[in-house]
Amino acid sequence: MKNYNTIAIIGTQWGDEGKGKVVHYLSRNADYIVRYQGGNNAGHTVVFDNKEYILHLIPSGILEHKKCVIANGVVVDPEALYNEIQFLKSKGFNVTPENLFISDRAHVILPYHKYLDKVREETQKIGTTQKGIGPCYADKYSRTGIRISDYLEEDTFMCLLKKNIDEKYPLIKNFVSISRESLIKQIIKNYKIYSKFLKPFVVNTTNLLINAIEKGKVVIFESAQGTMLDVDFGSYPYVTSSNPTVGGISIGSGIPSKYIKKVIGIAKAYTTRVGEGPFPTEIKSKLQEVLRKQGNEYGATTGRPRRCGWFDSVIVRYAIKINGVDELVLTKLDCLKGIHPLKICIAYKYKGRLYYDFPSSRKIQFLSKPVYISTAGFKEDISKIKDYQELPKNVKKYVELIERYCGIKIKMFSLGRERDETILR
Ligand code: IMO
Ligand code: MG
């Protein structure tokens with residue numbers, strides 16, 4: 001078999017594991033960085049040259065002048081993408097059809113998807129980002145979606161738009177006070193600007209990627225969200241509407257799955273989640289706020305405070321298994337400073353039975369109690385340490401427990417948002 005230079009970067013928890021920083025770190029040696037699922041629900045914070053950038057759709061490799069791909073599995077809000085490109089340009093980054101490639105098969109998010117996102121939250125509260133992600137993917141699978149290639153053909157777009165408004169307006173009007181005419185006007189107001197602007201970026205990204213991989217180029221697949229938000233494998237229905245897991249790469253970019261060489265899992269040294277849904281290791285005491293402050297755990301997309309909890313080896317073990325993770329990166333270990341003792345969940349307990357695998361039952365997900373082991377905390381500032389051996393004894397003990405219960409060696413530690421705040425082991 002050929003030696004492909006591809007790496008998948010996968011979130012092993014409920015998103016916000018620090019994927020953006022790791023992708024940015026690795027992108028120095030990459031040729032292409034690819035988003036294959038999700039949309040602008042993602043929020044990837046990257047610090048570059050002492051400045052903070054929050055990216056939603058465009059891979060963070062753009063800051064390194066690498067070729068970035070938004071593949072077919074992504075849902076693209078033309079307005080959000082337009083604004084993100086303008087934002088990057090205003091900061092001096094070159095975004096041109098030479099370094100950004102958008103799939104002609106990606107589906108388009110339109111304002112009615114955002115309204116439907118609000119409507120659905122009324123009947124089933126998930127705590128979505130309200131970016132229209134779920135309704136756009138629902139349209140894709142109901143075969144009523146509008147792809148970028150449809151969007152760029154004005155007659156095709158107008159015809160599909162009318163059908164979609166006919167179908168969706170009756171539902172929207174029960175919850176949102178907007179007239180049918182205003183809704184249409186809102187959609188077509190900037191249509192010409194966006195379609196003209198996007199056109200030069202649009203290509204068959206599958207061909208592009210297959211050619212690049214076969215030529216031995218280094219290609220990084222950057223997931224958005226995390227394994228526990230995967231629509232098939234996560235805490236359904238409190239998930240996003242795509243497959244952030246490694247299986248999503250092949251479908252979401254069109255490359256054969258045998259082209260994926262290495263899978264790197266990203267785990268935060270504790271657990272967070274945003275929005276509703278079960279969270280067995282959520283901390284219920286004042287300590288939650290301490291951890292939130294120390295880790296600056298506020299959503300990069302919505303600004304919502306993230307729910308914080310202990311490291312959960314049940315979910316990380318599960319993510320390692322279903323993604324075939326080869327190497328684990330642990331992030332934000334430094335944020336646990338001063339918290340004592342530290343706890344790691346090793347199993348869930350429900351009605352006297354222990355669960356070592358993430359259960360499918362919503363009831364068990366919500367009602368089970370975590371079984372913890374405790375270990376001593378640390379008081380030192382470890383953010384500037386560059387060598388694993390120099391980490392305080394208690395930190396190493398905590399790391400070794402995570403390794404033991406996750407069954408994997410941790411190869412890299414991210415101890416801050418700057419690229420050099422990293423330990424390679
Ligand atoms: P990154 O890429 C954390 C969560 C939302 C909500 C659920 C469904 O930064 O890790 P959606 O808008 O996708 O339909 O919302 O998924 N969610 C995320 N949580 N990080 C993310 O992305 C997320 N993207 C969506 O909070 O609970
Ligand atoms: Mg994020």
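Indexing begins at 1, ligand by ligand and atom by atom, following the structure's order. Position 1 is the first residue of the sequence, and the numbers go up from there.
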(request) Identify which one of R292, Q288, R306 satisfies the side chain to side chain donor-acceptor pair (under 3.5 Å) criterion when paired with E297. (result) R306

(request) Scan T12, N323, N243, T245 and name whichever one has a side chain to side chain donor-acceptor pair (under 3.5 Å) with T227. (result)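 The option that passes is N323.
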
Considering only protein heavy atoms, which is closest to [atom], and at what distance to one decimal place?
atom	value
atom 12 (O) of ligand 1	T129 OG1, 2.6 Å
atom 25 (C) of ligand 1	Q225 CG, 3.7 Å
atom 3 (C) of ligand 1	D16 OD2, 3.1 Å
atom 13 (O) of ligand 1	T240 OG1, 2.6 Å
atom 17 (N) of ligand 1	L229 CD1, 3.8 Å
atom 8 (C) of ligand 1	V239 O, 3.4 Å
atom 27 (O) of ligand 1	V274 O, 2.9 Å
atom 15 (O) of ligand 1	T128 CA, 3.3 Å

(message) Could you check whether K261 makes a cation-pi contact with Y4, meaning its NZ or CZ is under 6.0 Å from the centre of the six-membered ring and within 45° of the ring axis?
(response) no

(message) On the six-membered ring of Y25, is R28 placed so that its NZ or CZ lies under 6.0 angstrom from the centre and within 45° of the ring axis?
(response) yes

Given that the side chain starts at C-beta and the backbone is N, CA, C, O, which of these parts of [X] lies under 4.0 Å from ligand 1, counting heavy atoms, or is it both or neither?
X	result
H44	side chain
K19	side chain
N41	both
T301	neither
W14	backbone

Looking at [X], which atoms of ligand 1 are within less than 4.0 Å of one of its heavy atoms?
X	result
G127	5 (C), 6 (C), 26 (O), 27 (O)
R304	5 (C), 26 (O)
G275	27 (O)
A224	2 (O)

(request) Consider only side-chain N and O atoms of S103 and R105, and report whether a donor and an acceptor are under 3.5 Å apart. (result) no

(message) Side chains of T272 and K268: any donor to acceptor distance under 3.5 Å?
(response)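 Indeed, the side chains of K268 and T272 share at least one donor-acceptor pair under 3.5 Å.
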
(request) Using 2.8 Å as a strict upper limit, say whether an N, O or S atom of G43 approaches the Mg ion (ligand 2) that closely. (result)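 Of the N, O and S atoms in G43, at least one lies under 2.8 Å from the Mg ion (ligand 2), which means yes.
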
(request) Check the pair Q225 / N41 against side-chain hydrogen bond (donor to acceptor under 3.5 Å, both in side chains), numbers first and verdict last. (result) CA-CA 8 Å; Q225 293 86 46; N41 48 349; 3.0 Å; yes

(message) Is there a side-chain contact between I178 and I172 in this structure, where contact means two heavy atoms from C-beta onward sitting under 4.5 Å apart?
(response)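 A side-chain contact under 4.5 Å exists here.
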
(message) Before we go on, tell me: are the rings of F279 and W14 under 6.0 Å apart, centre to centre?
(response)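 Here the rings of W14 and F279 have centres that are less than 6.0 Å from each other.
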
(request) Taking the six-membered ring for Trp and the full ring for Phe, Tyr or His, determine whether the centres of H107 and Y137 are under 6.0 Å apart. (result) no

(request) Would you mind naming the N, O or S atom of D16 nearest to the Mg ion (ligand 2)? (result) OD1

(message) For R404, I'd like to know if atom CZ has over 12 heavy atoms of other residues, nucleotides or ligands within 6.0 Å.
(response) no

(message) Is it the case that ligand 1 has an N or O less than 3.5 angstrom from some N or O of G43?
(response) yes

(request) Begin with the C-alpha distance, continue with both residues' side-chain angles, and end with the deciding distance and a verdict on side-chain hydrogen bond (donor to acceptor under 3.5 Å, both in side chains) for Y348 and D312. (result) CA-CA 10 Å; Y348 303 154; D312 183 349; 2.5 Å; yes

